[in-house]
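In each ligand, atom 1 is the first atom listed, and ligand 1 is the first ligand listed.
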Amino acid sequence: MKATARANANIALVKYWGKRNKKLILPYNSSISMTCDGLFTITTVEFSDKYNRDIIVINDEELKVEEDKSSSPTFADARVVDELRSSLPFAVARVKDEKDVLGHLERIRQTAGIKEKVKVVSQSNFPVAAGLASSASGLAAITAAAAKAAGSNLDQKELSILARQGSGSACRSIFGGFVEWLRGEKEDGSDSYAVQIAPPEHWLEFRLIVTILSEEKKKVGSRAGMAQTVETCPYYENWLKTVNQDLEIIRKGILNKDFTSVGSRAEHNCLKMHALMITTSPAIIYWRPETLKIVQNILGWREGGLECYFTIDAGPQVKIICLEKDVPELKKRLQALKDVKKIIVCRPGEGTKLIDEHLF
Ligand code: DP6
């Protein structure tokens, strides 16, 4: 009844931003990502009647788990909080949103038909909630470990569907290499899961360099942010009209190892997503002055013949899309910039795996 999983984070080349079904986490558009070797979460889960309450420890911090759900909303009622938030005024809406980890464990318990309390210990090797896809690796690891510990024998597609319900982007981390999350058409979400476009070995030279500019926790989480975009952004329909072309170009580019077309289209798709965020009411601006400085440097380096592109998620960090041969030069140039606190170089990584070394 104890299992441990290791999941890598993923970084999207075509972004997911907006849900057509918030409860099941069904997206408006498909998305494509690279699973990143080097940014990972390890999670151990044990269901046992030796526990008289659920214990969840994430990065050394124990989550407050409220047993009585009828009291004021807590972490366990994230969805209620979400709903409340959308009806609340601007200032209150701008709080950090949380993933409903306990609700996700409850879903897994129900699927397996078990009732035992759970202990979860989870550890990531990178800053969480700063736009570094911590929820993707976190929810992928917890899904795989909990499903195994609960005795459910799920294949990768089933795990992807389950992980999706914890956090959308987590469904892509189940697979390694280059991955597409198919939006699906069905109301019940049974056709909304990730598939592998190509394994890590397909394009070993592809790199994403993550620059950490700020480790501050973001003010607007992706969950609340994307809901506000869908509701208020005047350009959202245009996003949906153009995203299929981005998907096609990047999917093909990955299969043909066409770096220019993958890099340039991924950068364009990222800018389109940030244009949505900026034109949401109230505006969601994840960029900091340092973010723009790095972006301008990248544009300059590219003009000077060093081919690299950028992508940015729901946070200030810039991820540089490049090839292995240019990593030493890029590292040198990045290290010379005072805003860059840390650099993590990611190659295409493997999907979520069960491992034998437990955290407790
Ligand atoms: C900007 O997967 O964190 O990183 O489904 O509400 O948990 P939820 O959102 P989440 O959103 C990720 C948004 C993004 C783009 C992406 O990874 O595709």
(Q) Would Lys119 pass as a cation-pi partner of Phe360, given that its NZ or CZ must be under 6.0 Å from the six-membered ring centre and within 45 degrees of the axis? (A) yes

(Q) Can you see whether Phe40 has Arg6 sitting over its ring - NZ or CZ less than 6.0 Å from the centre and within 45° of the normal? (A) yes

Q) Counting heavy atoms only, which part of Ser31 comes closer than 4.0 Å to ligand 1: side chain, backbone, both or neither? A) neither

Q) Looking only at heavy atoms, is any part of Ser169 under 4.0 Å from ligand 1, and if so is it the side chain, the backbone, or both, or is it neither? A) both

Side chains of [X] and [Y] only: does a donor on one sit below 3.5 Å from an acceptor on the other?
| X | Y | result |
| --- | --- | --- |
| Asn29 | Trp17 | no |
| Thr260 | Glu307 | yes |
| Glu46 | Tyr51 | yes |
| Thr311 | Lys15 | yes |

Would you say [X] has any N or O atom under 3.5 Å from an N or O of ligand 1, going by distance alone?
| X | answer |
| --- | --- |
| Gly168 | yes |
| Asn10 | no |
| Tyr16 | yes |

Provide the number and element of each atom of ligand 1 under 4.0 Å from a heavy atom of [X].
| X | value |
| --- | --- |
| Met226 | 9 (O), 11 (O) |
| Ala12 | 16 (C), 17 (O), 18 (O) |
| Ile25 | 5 (O) |
| Ser135 | 3 (O) |

Q.
If you apply the rule side chain to side chain contact (heavy atoms under 4.5 Å, CB included), what do you find for Leu102 with Asp54, and how did you get there?
A. CA-CA 8 Å; Leu102 188 65; Asp54 293 320; 3.5 Å; yes

Q) Should the ring pair His202 and Phe178 be called parallel, tilted or perpendicular, given that the plane angle runs from 0 to 90° and is split at 30 and 60? A) perpendicular

**Q.** Heavy-atom nearest neighbour of atom 9 (O) of ligand 1 within options Arg164, Lys99, Lys22, Gln165
**A.** Lys99

Q.
Looking at non-hydrogen atoms alone, which of Lys19, Arg172, Arg223, Lys15 comes nearest to atom 16 (C) of ligand 1?
A. Arg172

